[in-house]
Structures are given as structure tokens and as C-alpha cells.
Number of protein chains: 2
Amino acid sequence: MGEDRTARTAVRTITDLARLAGVSPGTVSRALAGKSLVNTKTREKIEAIAREHGFRPNQMASGLRRQKTGVIGVVIPLGHDTRQQISDTFFMTLLGFLADELTLEGYDLMLRRVVPKDDADWLDRFIGSGMIDGVIVIGQSDQFDRIEDVADGYGPMVVWGNHAEGQRHCVVGTDNRLGGRLAAERLIAAGAQRLAFLGDTTAIEFAARFAGAEDVVRRMGLPPIIELPTHLSPERASDEIARHLEAVMGRIDGVFAATDTLAALCLTGLRERGVAVPGDIKLIGFDDLPIASHTVPPLSTVKQDIAAGARGLVDLLLRRLAGEQTESLVLPPQLVVRQTA
Amino acid sequence: MGEDRTARTAVRTITDLARLAGVSPGTVSRALAGKSLVNTKTREKIEAIAREHGFRPNQMASGLRRQKTGVIGVVIPLGHDTRQQISDTFFMTLLGFLADELTLEGYDLMLRRVVPKDDADWLDRFIGSGMIDGVIVIGQSDQFDRIEDVADGYGPMVVWGNHAEGQRHCVVGTDNRLGGRLAAERLIAAGAQRLAFLGDTTAIEFAARFAGAEDVVRRMGLPPIIELPTHLSPERASDEIARHLEAVMGRIDGVFAATDTLAALCLTGLRERGVAVPGDIKLIGFDDLPIASHTVPPLSTVKQDIAAGARGLVDLLLRRLAGEQTESLVLPPQLVVRQTA
DNA sequence: ATTCCTGTTGCAAACGTTTGCAATGGGCGT
DNA sequence: ACGCCCATTGCAAACGTTTGCAACAGGAAT
């Protein structure tokens, strides 16, 4: 008992509520929106009824009328490596922070995972859906050009990824080239001379990290870095790394892994072969994921500030939504020396 | 050149397109929807124009009219442990698989992270928003009762979590109690007698794991399990675990961690104290996350089949959307013996 | 008493799509 | 040659909200 004070009339629309309150739908709309064009008494009455019936205005209708949805699209293109990435720790952590930031700003988040290979206009489709006010692209993958194309005609888009001179889309990301330099310098400072790079350089971010490392070895007159292309998904990566190690063992004394995840796998591979780290081979990763501090020995790495990245993405996107033109944001990476290099 | 065949007339609505094609909006709608009530010739013409102008029907309008949105809400309640969970590896992996499955079924995914403590009707608000056709709740957290309340009046909801006898909401999850039993049995089989449980049992899933372990020690007449409540976020957990170990060291010879993440941290803590694993203390985790196979020594654990879980969630939700009444789905956990127990 | 505000409210037209119903036309059977 | 049916299309009313404009009341100023 006590429950039946909620009238049997279900109040699903603003019009129902208006009827109950004895006012017009317009007034209800204004009252609920908090615009001050409505009498305090009336507003309170309306709010009371709304609360009592658990009424919430339909977001679809509101969105249609106002031509904005309160939803930000977040899309993860799976370019060169279909399986991985949506479960990749780095992207997931970034996504988590994004969710936090967007919620804080009153936006909802619509997540979409796309395979550009099977779906050429993945980006236009998302943008044109009318469901989102803006879009955040997590990772350029191998879709740099397509993103550039879209950037010309569509303002509210920010991309996580690598910044290239003169690019047209607004990007937030770590200075990968600098990160690569830091990594290589650390390996060399720890005593390594003949380096290898573990990772797939068709991903533009990884290419930049590789390039940074190359800068260093070239400057110091060391032999060129051996590229060891590797997929990101743990299942495939394990075997590939094993094969790589088989092939280059003895010819290298330092490994720069494109990712902590790869570094961790590499560490296991080295252990299995009885190779001492950092004794025989120095190893450094990238990202500073939680795993980096829990390998044995703990992984030296180049830290990306993921939280700052998320904040930057959202901040820039909001300003673009407000019509501002924004520059890209390049975050400084930070060397974290632990025990593998 | 060759680019200007795209007429300058921007075609944003179905009506624009209709004008261009010389038909009525209704026909365009039918053509684009693929319903076979339209002449092949006409359809092709319309499709051609649509393609040429990159036209996509507005999802908001469509959703409003059809009273369905093609969007599934995924909500992660952060109950007892505000900070964590959205970056928790387990939930993130589940989320990744969910994204895959939902995409496959033609649904979009709207992600929302909520703090029930600050926002009592988080679930009603999401459901009542009119933006989603159904909802998947990831983790019951400490919100079991609220979910139960909602389940009575709202069909299309499926929850990841623990199954309790006679509950009213449809849940998909691992048999946590059985998992707890497997873990305890393994610890004991490895030689442990005095067990501790690492984790916060106010989370219902963890409570079930704990209960399963208790079943075993009771049956075998061993001393009761010592509870070591611990937050999930790595930053807080590290210290808490250190303090716990300090307190119970020497009184235990086996640890059942509620999560692989906690187990990995515990392993580090034990190493720092010079405790041999599994020599002095046996250790077992839960989940079988990637990290489990890369600790040193690799972690024995109880595996949850995350992919199957995601598939189950989506499958049940779709059937509920179709009006079916569905039973809960309880997945069997699987013991994975590595080297810590 | 008349006029002019100001503060509230109602009216009705959007927003862009879908869909039941009716209208049109051509082909076919008789 | 007539009528009927079927395939295709157009018409217009929804879906639920927002918002410019107009209307209205009551009070203040003249």
C-alpha cells in the first residue's frame, strides 16, 4: 500500500504530462528544460508530476527537433590487424577515460568498431547517420588518407594518432618519433648497439616510433635497425616473435618493442630461450601499461599519458563543436626506466 | 575534373533525393529500405543518386518514426569501487566481444558508465531515454536489488553477473561458486591447508567465488578462509595487498585471488617479501586474462569464457527483443593449471 | 480610464522518416 | 471492347519534442 498513488494513467509523452498538469505541451517542455520562461509554481507542479511518474522526455524526438543528439561517436578502425585492438589494453584504457570525460560533459558515447577493408565508407556512414554530434577516431590505423578526406568537409572530428606535418585533421597523440628516440637512446645507454624493432610499421604510429629510433642509430653511426613485423594479437604475436628471435638471435643486443604487450611477450620468448634480460639483450617497450611494472624483470618503457590524451580529445572536440578551429595536440612521452634496459 | 558530376544541390533529406529522382519521398524510403514494393528500375535510379551524393537517411528521424533505434545500451555500474572497472581488463575484453557481436547483428552500442551512488535511477534513466532498444548491464556490482526492480517492468535487459536462485532478471555469467570450488580444490591438491581470499566480497560475484571456496574447506575440515578485502584498481590494490600480506604472513599457505589482476599484484608482493611461489605459498587467480600466462611463474587460474559470455548476452537479448522469455545462462568455469598452484 | 509593458502561456509549425490507404496505370481474361 | 487485378506510386498522417510568434492577463504609468 502507498504505491497506488501513482495514477494508472501511464505518462509516456510530454503531452500526457501536459494534460495531467492542465497546461500545454510547450509549457511542459520549457519547464523540464529549465529555461526560466515559466512560472515557478507551474514548473514545480510539472516537475512533481514528472518525478512521480518517472517521466523522461524522448531523446530521439528531442534530438530530431534540436538537430543534435548529445551523443559522441567513438570509432575504432581495425585496419591492418582485424582481430586485435578492440581488446588491446591501450585502446581500452583510452576508451575508459573517454567515457569518463564525455559523461562528465554530459555526452553519451556511441561505440563502433569497423573493418575499413570490408566497409570503405565507414567514417562517412557513421557521421552521416545523424546519430552523433561529433566523432572521435581512436587510431589512424592505415586509414590516414580517408580521414584526411573527411576532415575537409566535417568539423567535429578529432583523431587519436600520429601527427604529420601539414595534415588537415585534428589529432591528439603522443610524439611517437620523440618516443622512439627516447627508447633507442635508452637501449644504447644501457649498452646495446645492434637494435631490432618489434612491430608492424604499416601502422603509422609505429612507423613514427621506428623512425625516431632510426634517427638515433643513424646519428650515432650504429648499424640500421632490424625490422621484425609482428601482429598485435597475443595469439599470433607469440609465434611470430618466437620465429623472429630464432632468426636474429646473436645478431642483436637490444629490442625496441612497439608496445608493452609485445615487449612482455618478447620477454617470455627470451626467457624460454635462456637469454638473459638485460644481460644479453636489452628490451624496452612503449605505453607503460600496468603489465609493464609486473613482468619479471619489470619493463623499461616509454610512457604515454592516456588520461591526458582522453582529456585532450574531448576538450578539442567540444571546442570544435562550438565552431572553433583547433590545432592538433602533441603530448610528450616520458621515459620510464625499470630493469630491462 | 570528373568530380563535378556531383550536382551542387546538397541532398540531405529523403525529400531532396525524391525531388532529384522525380518520385515521392515515400518511394525513396521504400527503395532505400529494400522492401520489394518498388519497381526495380526506380529503385536502381534512387540508389544511384543516393550513392552519388553519399546520402544516408537520418537515423534519429527513422528511429522516432519506427519506435526503435537499432542501438543497444551497455552500462557499467561502478558500485563499490568507483574508479576501477571501466579499465578493468576483464570488463574491457567483454565489451570488445560485445561490440563485435552487436555489430554482427546490425546493432550499435551505446556505452554508459554510471556511479549508482551519485545517481540512484541510473538504470531507469538509461532505459527511459528512448535512445536504446535494449540494455546489457555489465556486472551487478552492489546493485542487485535495483536491477531486480527494473526487471519486472522492462523486458529487453540482460545482465552479466552472478546467478542466484529465484532471481527475476536474466543473467549470463560464469558459475562463480563452482569456480571458487575448483580454485580451492586446486590449492589444496597442491598442498595448501590454510587459505586466504583476496578480494572484496561485497561484489556479489566475488562473494560467490568465496562461498565456493568455503564449501570446500568446510567439507574437508580445514580452517576457515581468511578474507582480505581489496579494491580492484591497481594503485590502491598494491598497497592493500602489501598490508594484507604483512598481517597474515606465516598463517597461510594458499591464496585465492578474486581476479588474475589481483593475483599478479599478489605475486609481485610475495616476491618482494622473498616468499617462494608455489613453494611457500600456492596462488590461484580467476578469469584467465592474458596476463595470467605471462607472470613469472605463470599463474594457475580459473578460466571464464568471455567470448561465449558475450555471445550469450547478445543472443539472449535479441530473443528478449523478439518477445521471448529467456532463462539465465550459466557458463562453466574451467580450471587452468600453470605453475603457481 | 486608456495605454503600454512584462511575465506566462498556448498554438502550430517544424525536425526527417515510415507506412496505411487510396489512386493510377497497364496487362490480362472474357 | 470491357472489366478486373496486380504492381507501383503518391498522399498525408503519424512519431514526440522544441520554439517562434501571438495572445492574454495583470499591473504600472499616463
Side-chain angles (χ1 to χ4, degrees), chain A residues 9-47 49-50 53-71 106 108 125 127-133, chain B residues 9-47 49-50 53-71 106 108 125 127-133:
Chain A
T9 15
V11 34
R12 318 192 32 69
T13 81
I14 229 173
T15 314
D16 297 341
L17 181 38
R19 198 175 310 121
L20 243 61
V23 296
S24 80
T27 305
V28 174
S29 172
R30 284 186 267 254
L32 262 33
K35 315 279 193 197
S36 59
L37 316 81
V38 52
N39 185 297
T40 314
K41 271 274 189 60
T42 324
R43 176 201 309 286
E44 278 165 3
K45 180 172 177 186
I46 291 174
E47 280 172 347
I49 303 185
H53 291 266
F55 171 78
R56 326 209 165 280
N58 184 307
Q59 295 274 101
M60 286 267 147
S62 166
L64 178 59
R65 171 63 224 237
R66 311 209 336 261
Q67 295 293 82
K68 48 160 67 182
T69 65
V71 180
D108 266 312
R125 186 200 305 289
I127 290 170
S129 72
M131 285 280 260
I132 58 178
D133 291 341
Chain B
T9 14
V11 33
R12 320 191 31 70
T13 81
I14 229 173
T15 314
D16 297 341
L17 181 38
R19 197 175 312 121
L20 244 62
V23 296
S24 80
T27 305
V28 174
S29 173
R30 284 186 268 253
L32 262 34
K35 315 277 192 197
S36 58
L37 318 81
V38 52
N39 185 298
T40 315
K41 270 270 187 62
T42 324
R43 175 199 311 284
E44 278 164 3
K45 181 171 178 186
I46 291 174
E47 280 171 346
I49 303 185
H53 292 265
F55 170 79
R56 327 214 165 277
N58 183 308
Q59 295 274 103
M60 285 267 147
S62 167
L64 178 59
R65 171 63 225 234
R66 311 206 341 260
Q67 294 294 82
K68 47 159 69 180
T69 65
V71 180
D108 267 312
R125 185 199 306 289
I127 290 171
S129 72
M131 285 281 261
I132 57 177
D133 291 342

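Each chain gets a letter, A, B and so on, in the order its sequence line appears, and its residues count up from 1. Model, not experiment: these values are computed from the prediction.
Evaluation of the side chain to side chain contact (heavy atoms under 4.5 Å, CB included) rule for B/D16 yields B/V11, B/R12, B/T13, B/R19 as partners, not counting sequence neighbours. With sequence neighbours excluded, the residues satisfying side chain to side chain contact (heavy atoms under 4.5 Å, CB included) with A/R125 are A/R112, A/D119, A/D121, B/R56. In this structure B/S29 satisfies the side-chain hydrogen bond (donor to acceptor under 3.5 Å, both in side chains) test with no other residue, sequence neighbours excluded. Partners of A/S24 according to the side chain to side chain contact (heavy atoms under 4.5 Å, CB included) rule, which considers only residues two or more places apart in sequence or in another chain, are A/T27.
One can place CE of A/M60 at 13 Å from P of D/dT17, the figure rounded to the nearest angstrom. A/R56 has its CZ atom 17 Å from the P atom of D/dG16, to the nearest Å. If you take CZ of B/R19 and P of D/dT9, they are 19 Å apart, rounded to a whole angstrom. Atom pair A/K41:NZ and C/dT9:C1' shows a separation of 16 Å (rounding to whole Å applied). Rounded to whole Å, atom P of D/dT8 lies 9 Å from atom CZ of B/R43. Across the protein-nucleic acid pair, A/D16 atom CG and D/dT17 atom C1' stand 13 Å apart, rounded to whole Å. Summarising the geometry, the separation between CG on B/L64 and C1' on D/dA14 is reported as 9 Å, rounded to the nearest angstrom. Distance B/K68 NZ to C/dT17 C1': 15 Å, rounded to the nearest Å.
Within the 3.5 Å criterion, the main-chain N or O of B/T69 finds a donor-acceptor partner in the side chain of B/D133.
Picking from D/dT17, C/dT8, D/dT9 the nucleotide with the shortest atom distance to the side chain of B/V38 gives D/dT9. Side-chain atoms of B/T13 lie closest to C/dT17 of the nucleotides C/dT9, C/dC15, C/dT17.
Interatomic distance, A/I46 CD1 to A/I14 CD1, rounded to the nearest 0.5 Å: 9.0 Å. Residue A/K45 holds its NZ atom at 14.5 Å from OG1 of A/T40, rounded to the nearest 0.5 Å. Once rounded to the nearest 0.5 Å, the distance linking NZ of A/K68 with OG of A/S62 reads 9.5 Å.
In this structure, the side chains of A/L32 and A/F55 come closer than 4.5 Å at one or more pairs of heavy atoms.
Between A/Q67 and C/dA14, a side-chain N or O to OP1/OP2 separation shorter than 4.0 Å is absent.
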Classify every nucleotide of nucleotides 18-25 of chain C by which part a protein heavy atom approaches to under 4.0 Å, writing B for the base, S for the sugar-phosphate alone and - for neither, in 5'-to-3' order. BBB-----

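Terminal axes of the helix from C/dA1-D/dT30 to C/dT30-D/dA1 (five pairs each, C1' rotation axis) are separated by 50°, to the nearest 10°.
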